[in-house]
2 protein chains.
Amino acid sequence: MAVDPDHVLRAAAALLTRKSTATMDEVAKAAGISRATLHRHFAGRDALVRALESLGIAECEAALDAARLDDGTASEAVRRLVGAMEPAAGLLGFLYTENQLFEGEAQNPGWTLIDERISALFRRGQLGGEFRIDLTPAWLTEALYGLMASGAWMVQSGKGAPRDFQHMIVELLLGGALRREES
Amino acid sequence: MAVDPDHVLRAAAALLTRKSTATMDEVAKAAGISRATLHRHFAGRDALVRALESLGIAECEAALDAARLDDGTASEAVRRLVGAMEPAAGLLGFLYTENQLFEGEAQNPGWTLIDERISALFRRGQLGGEFRIDLTPAWLTEALYGLMASGAWMVQSGKGAPRDFQHMIVELLLGGALRREES
DNA sequence: CCACCATGAGACATTGATGTCTCATATGGA
DNA sequence: TCCATATGAGACATCAATGTCTCATGGTGG
């Protein structure tokens, strides 16, 4: 009888990931509940998006924890991170574009934390001589987001296989497109 | 007296790039004309977006032509392409996200042409032994879009300098984050 | 079995954007 | 100068989404 708010959020995320302009009615249908009930749990579209943002932040942090960014080489950590974030990639893409609208409003500080943890990973790789130093950690972080969004889009549109997601992103992000002799 | 439709389009592109949900009223104000006049030139929001899409396609094709993708090494061609597309990167980012809404409707065939030209460039690099072959041209193309969108976002939000745009994208796309002995 | 409570369905007003219309004005050309 | 045309300003109806409300229902716990 009782609606599971988490299930509703996941359904909303799945729908809004594909169609970011879906109405509350469509979200409710996607979650298998009525619009009235949806509105009882989330006071409005803003509240829903904020809840999705919190969910996205939580999943990112869980992925960051699971990836153990301080263990092993930075490259291995990046690979683990991409793999751990794959399930949340679609949601991340939605929030990534959606947050550009919140111009005036303050950005959720959770993102800053996440940015800093990922930037720290790239910085660790640079200090350890593993990563090149002419690309800033901030850019590498942003590029990781962009590549994950592109990867999620490719998988979602059927242009790429889900099993290639991690490989595509990590290989391009770390190795680049150029063919190397040594490898 | 006569309104320059191209000027209106550029103003609309500049605004919608920053705020993709801007109303027709805001677009009109940004272009310095009244909403009535805006509506006289573009029969509605759909028509406006379609016109922007045509503009984006035209600018992309112009950039592709200017970059002379068949000349020199593929790497050099990629570098020229990114530089040539930089002015249109913001508009591209807008259309890239906006077009995800056109689910049912057919995608403008112009994009397919552009995709194919860029894919062909990456394929040329692979056949010439310049690019690695474990990353598909389709993925490299998509990644290029994603990185350009991220780069445009960084520049636009003030987190990155415009003069670094081309370098950031090309170096990451081609060389990757890993430090190389040979270079 | 009964009371309770969450839900579903739908009506309703509100809001914001849109598209259309009219009219006054100003600009440019004949 | 005079006319044609494009524009600006604003009124107006329409539409879609939203938020709120009521009421009936069905499942659950006591």
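So you know, we letter chains A, B, ... as the sequences are listed, proteins then strands, and number each from 1. For clarity, every value in this text was computed on a predicted model and none was experimentally measured.
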No-hydrogen, no-angle side-chain donor-acceptor test under 3.5 Å, A:Ser20 and A:Glu98: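 Their side chains do not contain a donor-acceptor pair, so the 3.5 Å distance test is not met.
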
Crowding at CD1, B:Ile133 (>12 non-hydrogen neighbours, <6.0 Å):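 No, the 6.0 Å shell around CD1 holds no more than 12 heavy atoms from other groups.
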
Selection: residues 37-44 of chain B, any non-hydrogen atom under 4.0 Å of DNA chain C: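 Listed by number, they are B:His39, B:Arg40, B:Gly44.
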
Round to the nearest Å and state the distance from [X] atom [atom1] to [N] atom [atom2].
| X | N | atom1 | atom2 | value |
| --- | --- | --- | --- | --- |
| A:Asp25 | D:dC15 | CG | P | 18 Å |
| A:Arg45 | C:dA17 | CZ | C1' | 15 Å |
| B:Asp46 | C:dA17 | CG | C1' | 13 Å |
| B:Asp4 | D:dT7 | CG | C1' | 15 Å |
| B:Glu26 | C:dG16 | CD | C1' | 12 Å |
| B:Leu48 | C:dA17 | CG | P | 16 Å |
| A:Ile33 | D:dG26 | CD1 | P | 19 Å |
| B:His7 | D:dT7 | NE2 | P | 13 Å |

5' priority, DNA chain D, between A:Ala36 and B:Gly32 [closest heavy atom]: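 Result of the comparison: B:Gly32.
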
Residue A:Arg35, side-chain heavy atoms: nucleotide from D:dA17, C:dT18, D:dT20 that is nearest: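 Output: D:dT20.
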
Side chain of B:Thr23 - closest among C:dT18, D:dG10, C:dG8: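 My answer, after comparing the listed nucleotides, is C:dT18.
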
Reported CZ-to-CG distance for the pair A:Phe131 and A:Leu121, which is rounded to 0.5 angstrom: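 Result: 6.0 Å between the selected atoms.
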
With sequence neighbours excluded, residues passing side-chain hydrogen bond (donor to acceptor under 3.5 Å, both in side chains) with B:Arg68: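 Only B:Asp71 meet the side-chain hydrogen bond (donor to acceptor under 3.5 Å, both in side chains) criterion with B:Arg68.
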
Under-4.0 Å salt bridge between B:Asp6 and B:Arg10: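 Between B:Arg10 and B:Asp6 there is a salt bridge, with a charged N closer than 4.0 Å to a carboxylate O.
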
Ion pair check, B:Asp70 and B:Arg117, cut-off under 4.0 Å: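 Answer for the salt bridge query: no.
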
Minimum side-chain heavy-atom gap A:Trp111-A:Glu53 below 4.5 Å: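 Yes, close enough: below the 4.5 Å cut-off.
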
